[in-house]
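Counting starts at 1 for both ligands and their atoms, following the listed order. Heavy-atom basis, side chains included; hydrogens, waters and symmetry copies ignored.
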Amino acid sequence: MDRLLEKIEQLKGERNAVILAHNYQPGEIQDLADFCGDSLGLSIEASKTAAEVIVFCGVRFMAETAAILSPDKVVLLPEKTAGCPMADMITAEQLRQLKSKYPDAIVVCYVNSTAGVKAESDYCCTSSNAVAVVESLPSDKKILFVPDRNLGAFVAERTGRDIELWPGYCTTHVCITEDDINKAKEKWPDAIVMSHPECTEPVRKMSDELLSTSQMLKFVKKNSAKRYIVGTEKGIIHALKKENPDAEYIPATERAICPNMKKITIDKVIASLEELKERIVVEEEIRIRARKSLDRMVEILPSD
Ligand code: SF4
């Protein structure tokens, strides 16, 4: 293991590279990364670094987002098949058709979407700022929210806005059921249930806190509770333990594992640095339009 980590350090130096890892990555990948975080936080970090090469340990839309924000850098995804089923549940063509049905509506896309879908959208949002983005939009306008119906419904609940939901969903978060939460609460009645807004409505209703991964990390740092039931992808527990090692974290279910996130291995990170693959490039015309929806979001990001 030490030999592999030394190899990575050597290659990073030779390539002038930085390694980013999403909060859902395997623990050993989080541990070797220069930065860990959520998809947008990492892309912003990538755009600020002086490194010429970015190895994005996550899934394709995240590397694409980094490439949209940093067109002059080489962005690499260590496993080319690491995709996001939810991002692939709507295509740019499907979104164009939806827009033609509601020509006056404003399109808000979750960052978990392809570059083509971002290019067709007016605003991008993350799970941390989706409510703030929608609240900032003119109240008389209908909103088309893609691709996650669960995050979209959560935003509609919080804002009371007229939102047309695309029927996409995260295949991992929908594995967390009402029954899982009930059983966990019975076993650990003192625990705080914190779930991600990508969870289904029954799970959202049973949760004490609905938080993005970055919000969960901040929450456990400030909170004095000793036990949490975690309703999101299990990889976050590795990051939560680092943030607040004194508390106990119980996954709502052992099934909440994103197989795509777990495709990245140490060997693949090494191969990625050695061979500069899989390079993620976004076609310039799409990149410029996708960048606008990201820039509009950054303008209204909440300060926390
Ligand atoms: S956890 Fe869900 S939204 Fe995230 S990459 Fe996996 S499938 Fe996509």
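- Each of Lys268, Lys263, Lys262, Arg60 was checked for a side-chain hydrogen bond (donor to acceptor under 3.5 Å, both in side chains) with Glu79, and the lone residue meeting it is Lys268.
- In this structure, Glu135 does not pair ionically with Arg158, as no charged nitrogen and carboxylate oxygen lie closer than 4.0 Å.
- The shortest contact between atom 3 (S) of ligand 1 and any protein heavy atom is with Asn112 ND2, 3.3 Å.
- Near Glu198, meaning under 4.0 Å from one of its heavy atoms, ligand 1 places the atoms 3 (S).
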Discussion item. Determine whether Glu93 and Gln97 satisfy the following criterion, side-chain hydrogen bond (donor to acceptor under 3.5 Å, both in side chains), listing intermediate values before the conclusion.
Written reply: CA-CA 6 Å; Glu93 179 50 33; Gln97 282 173 17; 3.2 Å; yes
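- Between the Ser113 side chain and the Lys118 main chain, no donor and acceptor come within less than 3.5 Å of each other.
- Counting only protein N, O or S atoms closer than 2.8 Å to atom 6 (Fe) of ligand 1 gives 1.
- Checking His238 against Asp31 by side-chain atom types alone, a donor-acceptor pair falls below 3.5 Å.
- Checked options Val146, Leu294, Asp148; the residue passing with Cys109 is Val146 (criterion: side chain to side chain contact (heavy atoms under 4.5 Å, CB included)).
- Taking the ring-ring contact (aromatic ring centres under 6.0 Å, His included) definition, one finds that Tyr169 meets it with nothing, sequence neighbours left out.
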